[in-house]
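Working notes, structure below.
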Amino acid sequence: MDMHTVVVGTSGTTAEDVVAVARHGARVELSAAAVEALAAARLIVDALAAKPEPVYGVSTGFGALASRHISPELRAQLQRNIVRSHAAGMGPRVEREVVRALMFLRLKTVASGHTGVRPEVAQTMADLLNAGITPVVHEYGSLGCSGDLAPLSHCALTLMGEGDAEGPDGTVRPADELLAAHGITPVELREKEGLALLNGTDGMLGMLVMALADLKNLYTSADITAALSLEALLGTDKVLAPELHAIRPHPGQGVSADNMLRVLAGSGLTGRHADVTGDAPRVQDAYSVRCAPQVNGAGRDTLDYAAVVAGRELASSVDNPVVLPDGRVESNGNFHGAPVAYVLDFLAIVAADLGSICERRTDRLLDKNRSHGLPPFLADDAGVDSGLMIAQYTQAALVSEMKRLAVPASADSIPSSAMQEDHVSMGWSAARKLRTAVDNLARIVAVELYAATRAVEIRAAQGLTPAPASQAAVDALRAAGAEGPGPDRFLAPDLAAADTFVREGRLVAAVEPVTGPLA
């Protein structure tokens, strides 16, 4: 558990705070200003509830049933019922970190003072997070419009002491038992509160924030592996010169080229287009080598745009209706997930392309006709063993799946709620497939890393001197348990070690003492 505390105020939160709470168990505390804003907004909702005129979400039904005025004695039941009826998710359980992000981001909006939820409800949400109680949320149930309804409903159900949840020990138990064990009193929802707990983009936003954190590491790692492959293929680093990238000033392209150039500093392998076999010299490297900064860089620029969208959403109060500072309670469409859904799909596309170019370099390293003096499949004894042949098959299978995952979810829409909700974002689905894509991308980069470090070692045995940063990557990877291939060894444990090495950011950490901080 992360012992530092994240203070939730009225003006949103940061991506770093989301990751701290979701992944590292940081404690959550409501600011005094948030408590004041919650209380003030609640006074407005209570005043509207006392009036005879119907107000959506306060004294009416919901969605296509919004035309019915609900009498005061039925309103608490209405709020309970919307949570129970909307907790209709199905399929596998969603990961704990996603649910914690979902809960924290809903608390962020509640604390803004625009939802009309009482302070004690918000405090109970914080108490659940701090106790490590995680509602059981299912894979299917959100269309990414009117909020991530089913996922948020399962979270609200736990607040009410109903349904199932996971305790801090990882055991799933009835929610009322877990709340009692931690001294938490279940909430009894009042006017508007049930609706306010369900109506947000919190699930898709949480997954976007965590994907951005993971992809930042993977893009830097991919710059390193591209440099290692270029070096092992005796390519030229002249294409990385800053003046070449300055005349096409896409920011990410320049960053990736600079990362690669710094990894290759001091290499005795680069620029040897007359390779060690004595074949005819090359004029240019293949696109997968020469254009790595352009592809990696375009992906980096897409990440930057997605981070801008995430930042705007983190500063937002997403609910319907909302309490405005002048006391009005107004319906709106801010719950529509389109802005988040689009960038989730964009990220799946660039992740697929990054995986594709990584695989092309791996294949080139293994092919004796294109590797410029490396043994077939980087085998220890080609023919007696197959080297990394099937590692590339695995990588190719992952790339193929990445291309399927790149098909946008946000281009689809299925009407719901008797055509009241007749255009939806499918943002939750975009986020779920992006999580799979990010997971696969780490494996793809790991296979290239394993192949490239093996090839660099072979070049060293041929009497050439790798760059100091390359040697640092080789040494750190071997120390992490990814040994060199041989006929008497299984390859799977080595690839698994390389995968962990990449996704935990240890590749970047291994080379930065030589290169300085990489972007």
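In what follows, residues are counted from 1 in the order of the sequence shown. What you see below is based on every heavy atom in this structure, not just the backbone, and it leaves out hydrogens, waters and symmetry mates.
A salt bridge links Glu457 with Arg478: the closest approach of a Lys/Arg side-chain nitrogen to an acidic carboxylate oxygen falls below 4.0 angstrom. Under 4.0 Å is where a charged nitrogen must lie from a carboxylate oxygen, and between Arg300 and Asp223 at least one such pair does. Asp494 has no carboxylate O lying under 4.0 Å from a charged side-chain N of Arg454, or vice versa, which leaves the two without a salt bridge. Salt bridge present: Arg435 and Glu97 bring a charged side-chain N and a carboxylate O closer than 4.0 Å. Look at Asp363 and Arg370 and you find a salt bridge, because one of the NZ, NE, NH1 or NH2 atoms lies within 4.0 Å of a carboxylate O, short of that distance.
Closest of all the heavy-atom pairs between Trp428 and Gly203 is CZ3-CA, 3.8 Å. Pairing each heavy atom of Pro168 with each of Ala131, the nearest pair is CG-O, 3.6 Å. What you find for Lys433 and Ala406 is that their closest heavy atoms are NZ-C, 4.3 Å.
Interatomic distance, Thr453 OG1 to Ile458 CD1, rounded to the nearest 0.5 Å: 10.0 Å. To the nearest 0.5 Å, the span separating CG on Asp412 from CE on Met426 amounts to 5.5 Å. Here CG of Asp353 is found 10.0 Å from SG of Cys358. Values are rounded to the nearest 0.5 Å.
No donor-acceptor distance shorter than 3.5 angstrom exists from the side chain of Thr225 to the backbone of Val445, with no hydrogens or angles considered. In this structure, the side chain of His245 engages the main chain of Val239 through a donor-acceptor pair within 3.5 Å. At distances below 3.5 Å, at least one donor-acceptor pair connects side-chain atoms of Thr220 with backbone N or O atoms of Ala519. Formation of a donor-acceptor pair under 3.5 Å by the Thr171 side chain with backbone atoms of Gly167 is not found in this model. Under a 3.5 Å cut-off, the side chain of Asn296 and the backbone N or O of Tyr219 do not form any donor-acceptor pair. Of the possible donor and acceptor atoms, one in the side chain of Ser413 sits under 3.5 Å from a partner among the backbone N and O of Val424. In this structure a side-chain-to-backbone donor-acceptor pair under 3.5 Å is present from His138 to Gly91. No donor-acceptor pair closer than 3.5 Å links the side chain of His24 to the backbone N or O of Ala26. Side-chain N or O atoms of His154 include one that pairs as donor or acceptor with a backbone N or O of Gly89 at under 3.5 Å. Arg93 places no side-chain N or O within donor-acceptor distance of the main-chain N or O of Val136, the cut-off being under 3.5 Å.
Taking 4.5 Å as the limit, every side-chain heavy atom of Tyr287 sits out of range of all side-chain heavy atoms of Val295. By the 4.5 Å heavy-atom criterion applied to side chains, Leu491 and Tyr450 are counted as neighbours. Side-chain contact between Thr14 and Leu314: absent, with no pair of heavy atoms (C-beta onward) separated by less than 4.5 Å.
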(message) As a quick check of understanding, evaluate salt bridge (charged side-chain N to carboxylate O under 4.0 Å, His left out) for Asp214 and Arg23, giving each step before the final call.
(response) CA-CA 12 Å; Asp214 293 337; Arg23 288 185 165 167; 2.8 Å; yes
(request) Take Arg459 and Leu234 through the test side chain to side chain contact (heavy atoms under 4.5 Å, CB included) and record every step on the way to the result. (result) CA-CA 9 Å; Arg459 292 301 190 196; Leu234 307 179; 3.6 Å; yes
(message) Run the side-chain hydrogen bond (donor to acceptor under 3.5 Å, both in side chains) test on Arg312 and Ser316 for me, step by step, so that the C-alpha distance in whole Å, both residues' side-chain angles and the decisive distance to 0.1 Å come before the verdict.
(response) CA-CA 6 Å; Arg312 292 169 183 159; Ser316 301; over 6 Å; no
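Taking the side chain to side chain contact (heavy atoms under 4.5 Å, CB included) definition, one finds that Thr515 meets it with Arg262, Val263, Ala469, Val511, Glu512, Leu518, sequence neighbours left out. Residues forming a side chain to side chain contact (heavy atoms under 4.5 Å, CB included) with Ala382 (at least two apart in sequence, or on another chain): Pro376, Ala379.
The only option from Asp439, Leu434, Asn440 that meets the side chain to side chain contact (heavy atoms under 4.5 Å, CB included) definition with Thr436 turns out to be Asn440. Of the options Leu129, Leu30, Thr109, a side chain to side chain contact (heavy atoms under 4.5 Å, CB included) to Val8 is made by Leu30 and by none of the others.
Judged by distance alone, the side chains of Gln395 and Thr362 do bring a donor and an acceptor atom under 3.5 Å apart.
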